[in-house]
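The structure appears right after this line, and notes come after that.
Indexing begins at 1, ligand by ligand and atom by atom, following the structure's order.
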Amino acid sequence: MTAKILDGKKLASQSEEEIKTEVSELVSKGINPTLATILVGNDPASETYVRMKRNTCKKVGMESIAVELPESTTTDDLLATINDLNNNPNVHGILLQHPVPSQIDERKCFDAIDIEKDVDGVTCLGFGNMSMGIDAYGSCTPAGIIRLIKHYELEVQGLNAVVVGRSPILGKPMAMMLLNLNATVTICHSRTQNIETIIKNADLIVGAVGIPKFIKTDWIKHGAIVIDAGFHPEKCGDIDLERMDEISSAYTPVPGGVGPMTINTLILHTMQSAKKLLTN
Ligand code: NAP
């Protein structure tokens, strides 16, 4: 079996070209799609992620506003910043970079983001709407994975899908999105027993566990669809992708699979949010 490679890098770059065209049409109609990024503190990884997001905005001709707050920021300070951005008609999407310093009530701050500007899909309301099949911007990593699945026309209906990880930004929304596509979904987490047996029965596996090569090659059923959301400094993901070419029917490489789709989806959602102004 030669597996399909789910090439996120290629799809993201095609999508960037399309977004660029749409952005320039919006600009010609007087709308400048704008993403506001909020970075609290000095975490180097978060600084890098925010910079990458802002660079991608620039690449497609979109504006970004960078809000940088000190490590000592309180929940009330951050809520006030979010409130200002909610009320700013020139801002179409708000990204609050996770994680924030521990003294801040992150959930409260995420939920303060206006649902219309929740382009990163972090609010409880957005999650609830998405789960119920009501229009909402899904969390960007799982939404990017679904875009890849659809682009490569993979049939998910009826499959035994196993999501390993249940974080609010990845595992949980991923499971709901797959359920909405009529997969039969199992969610595994740190207290799951017999994880190997569960994965061995999966037709579709999503690795979202945060441990390098946690899911072993010989746990993967022949013909399964393999999605690896992980990315680690040693340039591997959460799944040991060795021989995936022969074993799986389709898989996301690391790097170049899920990763590029995340930022692209954020930018896409921001453009879509700005575009809604034409119809409102
Ligand atoms: P996270 O918040 O740390 O969540 C990890 C999840 O894995 C938790 O639900 C945890 O279970 C579960 N887990 C931990 N150890 C386990 C074990 N031994 N057996 C089974 N489950 C276990 O991580 P995350 O933010 O969801 O990220 C997951 C991965 O995706 C990471 O590799 C991260 O780098 C990657 N990621 C990539 C992108 C991207 O843009 N490509 C974006 C976000 C994340 P409990 O809930 O029981 O603790």
Of all pairs that satisfy salt bridge (charged side-chain N to carboxylate O under 4.0 Å, His left out), the ones with a partner from residues 214-236, not counting sequence neighbours: Asp203-Lys221
Side-chain (Asp84) to main-chain (Thr81) donor-acceptor, under 3.5 angstrom: no
Glu25: partners by side chain to side chain contact (heavy atoms under 4.5 Å, CB included), with sequence neighbours left out: Thr21
Which residues share a side-chain hydrogen bond (donor to acceptor under 3.5 Å, both in side chains) with Ser64, sequence neighbours left out: Arg54
Identify all N/O pairs between ligand 1 and the protein with a separation under 3.5 Å and present them as a table of atom names and distances.
residue: ligand 1; atom: 7 (O); partner: Val209; partner atom: O; Å: 3.4
residue: ligand 1; atom: 9 (O); partner: Arg166; partner atom: N; Å: 2.8
residue: ligand 1; atom: 11 (O); partner: Ser190; partner atom: N; Å: 3.3
residue: ligand 1; atom: 21 (N); partner: His189; partner atom: O; Å: 3.4
residue: ligand 1; atom: 21 (N); partner: Ser190; partner atom: N; Å: 3.3
residue: ligand 1; atom: 26 (O); partner: Ser167; partner atom: OG; Å: 2.5
residue: ligand 1; atom: 30 (O); partner: Ala229; partner atom: O; Å: 3.4
residue: ligand 1; atom: 32 (O); partner: Asp238; partner atom: OD1; Å: 3.3
residue: ligand 1; atom: 32 (O); partner: Asp238; partner atom: OD2; Å: 3.4
residue: ligand 1; atom: 40 (O); partner: Thr262; partner atom: OG1; Å: 2.9
residue: ligand 1; atom: 46 (O); partner: Arg166; partner atom: NE; Å: 2.8
residue: ligand 1; atom: 47 (O); partner: Arg166; partner atom: NE; Å: 3.3
residue: ligand 1; atom: 47 (O); partner: Arg166; partner atom: NH2; Å: 2.8
residue: ligand 1; atom: 47 (O); partner: Ser190; partner atom: N; Å: 3.2
residue: ligand 1; atom: 47 (O); partner: Ser190; partner atom: OG; Å: 2.5

Among His269, Lys9, Arg147, Glu16, the one residue meeting side-chain hydrogen bond (donor to acceptor under 3.5 Å, both in side chains) with Asn264: Arg147
Side-chain heavy atoms of His92 within contact of Val119, under 4.5 Å: no
